[in-house]
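Shown next, in structure tokens, is the structure this report addresses.
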Number of protein chains: 2
Amino acid sequence: MVRRALEAAGCRFTVQRAAVFHYLEQVQTHPTAEDVYRAVRRKLPRISLATVYKALEALVDAHLATKLTNGDGSARYDCRGDDHYHLRDVESGEIRDLPVEFDPDLLKKLDPKLIERLSGSGFEVTGYRLEVLGRFSNS
Amino acid sequence: MVRRALEAAGCRFTVQRAAVFHYLEQVQTHPTAEDVYRAVRRKLPRISLATVYKALEALVDAHLATKLTNGDGSARYDCRGDDHYHLRDVESGEIRDLPVEFDPDLLKKLDPKLIERLSGSGFEVTGYRLEVLGRFSNS
DNA sequence: ATTCTTGCAAAAGATTTGCAAACAA
DNA sequence: TTGTTTGCAAATCTTTTGCAAGAAT
């Protein structure tokens, strides 16, 4: 599955990429590249941080992960394939999934003609992103 | 107005901060710090990039601007004081305002009990952010 | 007069790159 | 074999910091 997706994106399957993917798959929060590096190092002690960055990029290319932008110039990664919303701690930057069903028609609810209006004014809509902001009291 | 807001935040009013604010105020897109630096330099040729960063930070502290996270690890700035949504070009990173009224109750529409549920599970909601993703065909 | 801000250069943090050796197909 | 990927170190990019001189109150 990981192998196939990587190949479909023209990338080779390697133990490093598999280890990064499997770590992302089982972790609760959305880790930074540095977090992934520290964790994967326990399995592959000789992996380098640069390889982790390249593995994350390959996984994103293969649509096996998504890169989430972080306020402070670092990024976090998510390996869920379906559309969903996020919860973001405005202080720590921690991100978790929001346990609410994704609504593909939310933009239409904001304004039924929004997509057509934007398209008419030169913006082709491909999707949307919603984050609930706040603070995790524990953590 | 800029002066008062800066003072309320415990910051002094300076020509550099005023120039940064006035540039942000009249520009259509949401510029990066580098963009602001290049623009403001035309009025204040001796301003430094570090001062632009510090001015942007002061404006954010004074609630005269907002910092928007960017995919590539840089930030963009917005000086609109009211809540509103953004349009983001997924390729260039360009951001513009979305001409749709902000809905303070959108989260409730997603799930009427969402805020209480999150609060019960240890997440204090302070707001939300919505971005429409796509591409500007011109630009 | 006192405290904050500026401009400069250096530092820091995150990410990317160049390259030779190792690996996957 | 052939083209990719790895690991390392160095480079790059954005942002932050230290500090002496200058500006604001």
Side-chain angles (χ1 to χ4, degrees), chain A residues 2-21 30-38 40-62 64-77 92-95, chain B residues 2-21 30-62 64-77 92-93 95:
Chain A
V2 183
R3 172 171 231 125
R4 235 152 0 206
L6 283 168
E7 284 167 357
C11 298
R12 290 184 180 170
F13 176 86
T14 66
V15 293
Q16 289 87 347
R17 288 169 179 179
V20 167
F21 179 76
H30 298 296
T32 61
E34 188 64 42
D35 294 337
V36 174
Y37 174 58
R38 277 196 300 269
V40 168
R41 218 131 95 98
R42 295 199 294 261
K43 290 272 177 185
L44 300 175
R46 299 196 46 80
I47 198 173
S48 72
L49 180 56
T51 298
V52 169
Y53 274 103
K54 288 172 200 163
L56 289 166
E57 187 188 19
L59 294 173
V60 169
D61 285 352
L64 287 168
T66 307
K67 187 174 181 177
L68 308 172
T69 255
N70 216 15
D72 66 339
S74 60
R76 288 170 181 270
Y77 294 84
S92 69
E94 186 177 336
I95 298 174
Chain B
V2 182
R3 173 172 230 124
R4 235 148 5 202
L6 283 167
E7 284 166 358
C11 297
R12 290 184 180 168
F13 176 85
T14 65
V15 293
Q16 290 86 346
R17 288 168 179 179
V20 167
F21 179 76
H30 299 296
T32 62
E34 187 66 41
D35 293 335
V36 174
Y37 174 57
R38 276 196 301 269
V40 169
R41 218 131 96 98
R42 295 199 294 260
K43 289 272 177 185
L44 299 175
R46 297 196 47 79
I47 198 173
S48 72
L49 180 56
T51 297
V52 169
Y53 275 103
K54 289 171 199 163
L56 289 167
E57 187 188 20
L59 295 173
V60 170
D61 285 351
L64 287 168
T66 308
K67 187 175 180 176
L68 308 172
T69 254
N70 214 16
D72 65 338
S74 60
R76 286 170 181 271
Y77 294 84
S92 69
I95 298 175

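As the structure is a computational prediction, the values presented were derived from the model and not from experiment. A, B, ... follow the sequence lines: proteins, then strands. Residue 1 opens every chain.
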*asked:* Base contacts versus sugar-phosphate-only contacts with protein, heavy atoms under 4.0 Å: please encode nucleotides 8-15 of chain C as B, S and - from 5' to 3'.
replied: BB----SB
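Side-chain N or O atoms of B:D61 include none that pairs as donor or acceptor with a backbone N or O of B:A58 at under 3.5 Å. A donor-acceptor pair under 3.5 Å links the side-chain atoms of A:R76 to the main chain of A:H30, judged by distance alone.
A heavy-atom distance below 4.5 Å is found between the side chains of B:V60 and B:Y77. Put simply, the side chain of B:R17 does not reach to within 4.5 Å of the side chain of B:V2, judged on heavy atoms. Looking only at side-chain heavy atoms (C-beta outward), A:L44 and A:Q16 come within less than 4.5 Å of each other.
Scanning all heavy atoms of the two residues, the minimum distance from A:L49 to A:A33 falls at CD1-O, 4.2 Å. Nearest approach of B:V20 to B:V40, heavy atoms of both residues: CA-CG2, 4.0 Å.
For B:R41, there are no salt bridge (Lys or Arg N to Asp or Glu O under 4.0 Å) partners, not counting sequence neighbours. Contacts of A:R3 classified as salt bridge (Lys or Arg N to Asp or Glu O under 4.0 Å), with partners at least two apart in sequence or in another chain: A:E7. Residues satisfying the salt bridge (Lys or Arg N to Asp or Glu O under 4.0 Å) criterion with A:E57, sequence neighbours excluded, are absent altogether.
Taking only side-chain nitrogens and oxygens, A:Q16 comes nearer than 4.0 Å to OP1 or OP2 of D:dG7.
Direction of the helix axis in the helix from C:dA1-D:dT25 to C:dA25-D:dT1 shifts by 40° between the two five-pair termini, rounded to 10°.
A straight line from OH of B:Y37 to P of C:dT6 spans 14 Å, rounded to a whole angstrom. Put simply, CD on B:E57 is 15 Å from P on C:dC4, counting in whole angstrom units. The separation between A:L56 atom CG and D:dT5 atom P is 14 Å, rounded to whole Å.
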Polar atom pairs between nucleotides 21-25 of chain D and protein, under 3.5 Å, N or O only, would you list them?
unit_1: D:dA24; atom_1: N3; unit_2: B:R12; atom_2: NH1; d: 3.2
unit_1: D:dT25; atom_1: OP1; unit_2: B:R3; atom_2: NH2; d: 3.3
unit_1: D:dT25; atom_1: OP2; unit_2: B:R3; atom_2: NH2; d: 3.0

